[in-house]
2 protein chains.
Amino acid sequence: MDLRQLRYFIAVAEERSFTLAARRLNLSQPPLSQHIQALEAELGTSLLYRTSRKVELTQAGEAMLLRGRAILQQVKSAEDEVRSIGAGLIGTLDLGATGSILRGRLAELLAAYRDVAPLVRMTVHEQAPALQIAALLNRTTNISLMRGIPRERDLTSKLAWREEVVLAVPRTHHLAKRKRVALGELASEDHVILDPNSSDFARYVQTCCVDAGFLPKVSQQVVDAQSIPSLIAAGFGVALVPQSIARFTTADIAFRPIRPSPPAADVFLVFREDETSMVVHNFIKLAGQLLSHRSRLGARRRD
Amino acid sequence: MDLRQLRYFIAVAEERSFTLAARRLNLSQPPLSQHIQALEAELGTSLLYRTSRKVELTQAGEAMLLRGRAILQQVKSAEDEVRSIGAGLIGTLDLGATGSILRGRLAELLAAYRDVAPLVRMTVHEQAPALQIAALLNRTTNISLMRGIPRERDLTSKLAWREEVVLAVPRTHHLAKRKRVALGELASEDHVILDPNSSDFARYVQTCCVDAGFLPKVSQQVVDAQSIPSLIAAGFGVALVPQSIARFTTADIAFRPIRPSPPAADVFLVFREDETSMVVHNFIKLAGQLLSHRSRLGARRRD
DNA sequence: ACGATTGATAGGGTTTCGCTATGGATCTTC
DNA sequence: GAAGATCCATAGCGAAACCCTATCAATCGT
């Protein structure tokens, strides 16, 4: 049996006429007759009761019409679904992110994506960086947002957005009065840092300090970046943090830009190199567009 | 989209290999590749992720596999159903019959048919003869069993079985002692008859009496043949009835054959000439086989 | 009774289909 | 590490399927 024969039969059954059906199908009448005959021969029963004046359905034909319509409908629905999945309009997207990124600028990216692909089911997993990489490799997540590019062979990265590293100090601290601070000035300060074992960002900041000529003096080391503000407020010293942290912590803390040469706290999209899902590719593409759009805005602002 | 392409894709998806799938489909590998490509082009998305070493499904491919299997299953199920209907193995059969036939030999015909086509839903409608014809014409029933052949142009008849007309008399009646009775001997008897307006059988019996040289003297006229035995037992006279009536009424009544030339009380299958349902045709055919089978038995018995 | 209409059949040209042969890439094996 | 094996893609050709026009047989309406 063939979908074409099915379509042909349904046309004849609905028109109750070979001639009219052929016209509707943009076909001449003879091949239509032949296809119906072939279908009937295959099914071993006649579907239409024809006199040379009118065409009626047999009981088998009635059943064939109902079932045939259902089949064509299901075919169409399957086509639509597959097309949608192929276009990345339907599917699932599992994202990994650390807390500081999740509560940072991620939301606007998610919102923008939701606007383009509202049917995609997004899940954001809050994960420590090491877990993020493992989750990507075992396909638990499709994309992870990280501060730093992992060196795993199967993973690729793409810049999601740029952020500066800023200095967080208690409002009472002498550096809080400064408009800008140079990195070298922090050599004598007590630092609250993230655990360098679990954080690319912490290692990167440490490297920047070393390049500036000093090794930060650690007063406290924490695992979760969200713990930093309260420790700063409590007087444990200063911290170099991504700018986005500033949005959630205002009381008792001041943030000051590092100048000149502020370290970058860039956030990257990390994903499997062999990723096939169009949902994922669309998300990455959108992130790129958002980035270039924003940098164009930034360029205008600078004018 | 084409069912063949669907079958081809499912084979490839299940085998995870073009070569193996081609083997399974009794096909060489190149056309298989081409068909899959055509399907992918039509859907505007790739369904398979191929390296030269392995074949994997994309998300769209996963969906296509599931939906495709469902479609093929539905196609097969539709084919089976249509075939069954075409062969008369599935469907409905509405029969019409008068009380005396319904409670007579009809049961064995129904039972025989149930054995051949157990899935056909049979309904027996008890109807007066005039209603039987109307029901056939407006397609309420497919077949009616009647004692007599209607003259309607759209209806056809076929002998279902042969029955004799026998004489019903009270056990105390002088004819009850006779081994056989001639029709002419009934000229002086009181007769209990069916209403000739509603019964072909009644009219037929009347004609037979007239041919035998007398017009029956009517003591009682009833509408329902089942009322006859009790009236005979009550002494209202004699009655000419189909032989099958004897099976349900023994007490106080005797049945005697009419000899020579017993009138026939044959029962006919009546149906629309343009009837298309294979269920109906199968039923009629089976009735014919049963009849010839029985007459062969009868012939043997006579040897 | 005759013209018009309907579905079936016949014959021919075009498209589609499937096959063999071959290429490019990767994995395995010695 | 190089040669062979394996896998999917491409090219070219013969065969089958497909659709077309022309025509026939049967029935309906005028």
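Fair warning: this is a prediction, and the values are worked out from it, not measured in the lab. Lettering of chains follows the sequences in order, A, B, ..., and the numbering in each one begins at 1.
Ionic pairing of B/Glu42 and A/Arg83 is not present here: no N-O contact between side-chain nitrogen and carboxylate oxygen is shorter than 4.0 angstrom. In this structure, A/Arg50 pairs ionically with A/Glu40, as a charged nitrogen and a carboxylate oxygen lie closer than 4.0 Å. With respect to the salt-bridge test (charged N to carboxylate O, under 4.0 angstrom), the residues B/Glu275 and B/Arg139 do not qualify.
Of the residues in residues 29-47 of chain B, those with a non-hydrogen atom less than 4.0 angstrom from any atom of DNA chain D are B/Gln29, B/Pro30, B/Ser33, B/Gln37.
Side chains of A/Ser33 and A/Gln29: a donor on one and an acceptor on the other come within 3.5 Å. Looking at B/Ser77 and B/Glu81, their side chains never bring a donor and an acceptor atom within 3.5 Å of each other.
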Short heteroatom pairs, N/O only, protein and nucleotides 13-16 of chain D, under 3.5 Å:
none

Taking N or O atoms only and anything under 3.5 Å, show me the protein contacts with nucleotides 28-30 of chain D, one pair per line.
{"from": "D/dC28", "atom 1": "O4'", "to": "A/Arg53", "atom 2": "NE", "distance (Å)": "3.2"}

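For the pair A/Tyr49 OH and C/dA8 P, the interatomic distance rounds to 14 Å; values are reported in whole Å. Summarising the geometry, the separation between NZ on B/Lys54 and P on C/dC27 is reported as 9 Å, rounded to the nearest angstrom. We find that CZ of B/Phe18 is positioned 11 Å from P of D/dT10, with the value rounded to whole Å. The nearest whole Å value for the distance from the CD atom in A/Gln5 to the C1' atom in D/dA17 is 12 Å. Nucleotide C/dC17 holds its P atom 12 Å from the CG atom of B/Leu27, rounded to whole Å. Atom pair B/Asp2:CG and D/dC18:P shows a separation of 10 Å (rounding to whole Å applied). Taking atom CZ of residue B/Arg23 and atom P of nucleotide C/dG18, one finds them 18 Å apart after rounding to whole Å. If you take CG of B/Leu25 and C1' of C/dC17, they are 15 Å apart, rounded to a whole angstrom.
The shortest distance between the side-chain N/O atoms of B/Arg50 and the OP1/OP2 oxygens of D/dA9 is below 4.0 Å. The shortest distance between the side-chain N/O atoms of A/Thr19 and the OP1/OP2 oxygens of C/dG7 is below 4.0 Å. Taking only side-chain nitrogens and oxygens, A/Tyr8 never comes nearer than 4.0 Å to OP1 or OP2 of D/dC18.
Other residues, nucleotides and ligands place more than 12 heavy atoms under 6.0 Å from the CZ atom of A/Arg16. Crowding of B/Arg24 atom CZ: a count of heavy atoms from other residues, nucleotides or ligands under 6.0 Å exceeding 12. Summarising the local packing, CD of B/Gln73 is surrounded by 12 or fewer heavy atoms from other residues, nucleotides or ligands at distances under 6.0 Å.
Counting only heavy atoms from C-beta on, B/Ser28 has its side chain closest to C/dC19 among C/dC19, C/dG7, D/dC8. Counting only heavy atoms from C-beta on, A/Arg4 has its side chain closest to D/dC18 among C/dG7, D/dC8, D/dC18.
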Going through the checks in order, is the salt bridge (charged side-chain N to carboxylate O under 4.0 Å, His left out) test met by A/Glu152 and A/Arg272?
-> CA-CA 10 Å; A/Glu152 259 75 14; A/Arg272 292 184 59 86; over 6 Å; no
Under the side chain to side chain contact (heavy atoms under 4.5 Å, CB included) criterion, do A/Thr92 and A/Thr123 qualify, and how do the steps go?
-> CA-CA 8 Å; A/Thr92 59; A/Thr123 313; over 6 Å; no
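Residue B/Leu102 holds its CG atom at 10.0 Å from CD of B/Gln127, rounded to the nearest 0.5 Å. Between A/Met146 atom CE and A/Leu155 atom CG the span is 8.5 Å, to the nearest 0.5 Å.
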